[in-house]
There are 2 protein chains.
Amino acid sequence: MEDDENTGTDTGRPTARARNRRGQGARLRDDIVAAAAGLLAETGDERAITLRSVARRVGIAAPSIYAHFPDQPAIMLAVVREAHVELNGALRHAVDRAGRDPRERLGALCHAYLTFAQDHPERYRTMFGGLWMPALGESSVTERDLTDLGQESLALLADLLAECVAAGASASTDPAADAVALWLGLHGLAHQRAVTRAFPWPAGIAERVITPLAHLTT
Amino acid sequence: MEDDENTGTDTGRPTARARNRRGQGARLRDDIVAAAAGLLAETGDERAITLRSVARRVGIAAPSIYAHFPDQPAIMLAVVREAHVELNGALRHAVDRAGRDPRERLGALCHAYLTFAQDHPERYRTMFGGLWMPALGESSVTERDLTDLGQESLALLADLLAECVAAGASASTDPAADAVALWLGLHGLAHQRAVTRAFPWPAGIAERVITPLAHLTT
DNA sequence: GTCATAAACTTACGGGCGTAACCTTTGAGT
DNA sequence: ACTCAAAGGTTACGCCCGTAAGTTTATGAC
């Protein structure tokens, strides 16, 4: 039936991959991460990211992953790291495009955050859903690896909020702490949107969250 | 080595279960849900809830679950439903104990919500994390089953916020919509706490979220 | 007592998974 | 030209999973 040489085991490798050059072994690492990210985007289910499925997609044998990742959680961590880099880039880009008014810059940041989550729900869920970490002690991923992840975007948010305070656009008395509160509101909205598409959202829910939490002056 | 009669297959049934009486077949259903909930609480990983693991814990054979649940997602839904009932009970209890001052009643509700999430992180994650639903079209669980789940507690929150407005304790102009915003803030905090224990929480983060979102008057 | 039937069991198949142990290709340096 | 290690492949073991098909047990109505 199949004219292929599927003689025995599960070498379900559709795209035979060209072997890398001598020093280029690390390029496979990036391909593995990209494949995992693609798998996540297509299936929307992080359970679909398994050593074998990733290997199949890359076009390599499953054990070949061991040379680059000790674990499946390690792959996850790499995917999440990359996603955070992308998120931070999108946030910075949005802030830069927003001009100089601190209030508009903060608004741009918040909306870019929400847009990112809405455009890539499965990625957002994986970044913050924390499902792949319960087996933490058994995996190669440490707790520090996780806590450091969101700090950059949070710092960006805190900076912009402080800008708003300095410009008189926000009445916050503790921008660093209120930035956390604001982020929590954004996260709640972003996460819930990423989880259930069907929810009776009131109109203008984003502003209803952002304006009070940022203590924006009317 | 094992003096047990493990003759062949995986009937790893440690606690031989007494067969139910004629009309009491539905009691096993409750036991299944309880076992799944226990499994979730102990492992903290909803992936650990599988047909076979649940069956092992109940003390029945895996296929016997089919008589009560068509799916593994169906078990999940039952667990989440029960958890929501429990949450609503806890919220009501807290509100009742809080006396008559609307503002204190609202505060009690919010803190009870956060406490529930902190006391049962894995349950909270499962209730709102939405990991078990990606394979939605393939399972017996419909989208309606999910959207209806949080409505009761949300309605309770909206009622209390309206009470606060009536008593002059809140400046909200649209309690129903602001209740959603307030819930999102609570959810963001609760979820993040349920996901990562290690996070640089500022002091009084809960009030920092609740007070602005509820538009509480100082 | 008998006996239909609810309640649950047994067996078995096919598949996916992680990973240990070993083997092959290939290109760079000599 | 030859080697040798990097990069990756092969095979295989053991485990767990969902579920289809048929079978046993014991309860309660007659």
J.: Whole angstroms only, please: what is the CD1-P distance between Ile49(B) and dC17(D)?
T.: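 Rounded to whole Å, this separation is 12 Å.
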
J.: If the cut-off is 4.0 Å, is Thr50(A) near the phosphate of dG16(C), judged by side-chain N/O to OP1 or OP2?
T.: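 False: Thr50(A) side-chain N/O out of range (4.0 Å or more) of dG16(C) OP1/OP2.
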
J.: Tell me: CG of Leu28(B) to P of dA7(C), nearest whole Å?
T.: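 Value for this atom pair: 10 Å.
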
J.: Side-chain N or O of Arg56(A) less than 4.0 angstrom from OP1 or OP2 on dC17(C)?
T.: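 It does, given that an N or O in the side chain of Arg56(A) lies less than 4.0 Å from OP1 or OP2 of dC17(C).
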
J.: Round to a whole Å and report the spacing from CZ of Arg47(B) to P of dG18(C).
T.: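 Result: 11 Å.
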
J.: Check Arg125(B) with Glu46(B), please: is the shortest side-chain N to carboxylate O separation under 4.0 Å?
T.: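 No.
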
J.: Rounding to a whole Å, what distance do you find between Arg52(B):CZ and dG16(C):C1'?
T.: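 Those two atoms, CZ and C1', are 13 Å apart.
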
J.: Measuring from atom CH2 of Trp201(B) to atom OG1 of Thr196(B), what distance do you get when rounded to the nearest 0.5 angstrom?
T.: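 So the gap between those two atoms works out to 6.0 Å.
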
J.: Select one nucleotide: of dT10(C), dG8(D), dT19(C), the one nearest the side-chain heavy atoms of Pro63(A).
T.: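 Among the listed nucleotides, the one closest to the side chain of Pro63(A) is dT19(C).
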
J.: Looking at the rings of Phe128(A) and His187(A), which for Trp means the six-membered one, are their centres under 6.0 Å apart?
T.: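 Close enough - the centres of the two rings lie under 6.0 Å apart.
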
J.: Rounded to whole angstrom units, what separation is found between the CZ atom of Arg29(A) and the P atom of dG8(D)?
T.: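 So the two atoms are 14 Å apart, to the nearest Å.
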
J.: Rounding to an integer number of Å, can you tell me how far Ile60(B) CD1 sits from dT10(C) P?
T.: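 From Ile60(B) CD1 to dT10(C) P: 12 Å.
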
J.: Please state how far atom CD in Gln72(B) lies from atom P in dC16(D), giving the value in whole angstrom units.
T.: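 Rounded to the whole Å, the gap is 17 Å.
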
J.: Measure from the side chain of Ser64(B), starting at C-beta and using heavy atoms only, and say which of dC9(C), dG18(D), dG9(D) lies closest.
T.: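 The answer is dC9(C), which lies nearest to the side chain.
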
J.: Which pair of heavy atoms, one from Phe116(A) and one from Ala83(A), lies closest together, and at what distance?
T.: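 Shortest heavy-atom contact: CZ-O, 4.0 Å.
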
J.: Please round to the nearest 0.5 Å and tell me the distance separating atom OH of Tyr113(A) and atom CG of Asn88(A).
T.: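 Spacing of OH (Tyr113(A)) from CG (Asn88(A)) equals 10.0 Å.
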
J.: Between dA20(C), dT10(C), dC17(D), which one does the side chain of Ala61(B) approach most closely?
T.: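 Closest of the options to the side chain of Ala61(B): dT10(C).
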
J.: Rounded to the Å, how far apart are Tyr66(B) OH and dT10(C) C1'?
T.: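 Distance, rounded to whole Å: 15 Å.
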
J.: Is there a side-chain polar atom (N or O) of His68(B) under 4.0 Å from OP1 or OP2 of dA7(C)?
T.: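 His68(B) to dA7(C) OP1/OP2: no side-chain N or O under 4.0 Å.
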
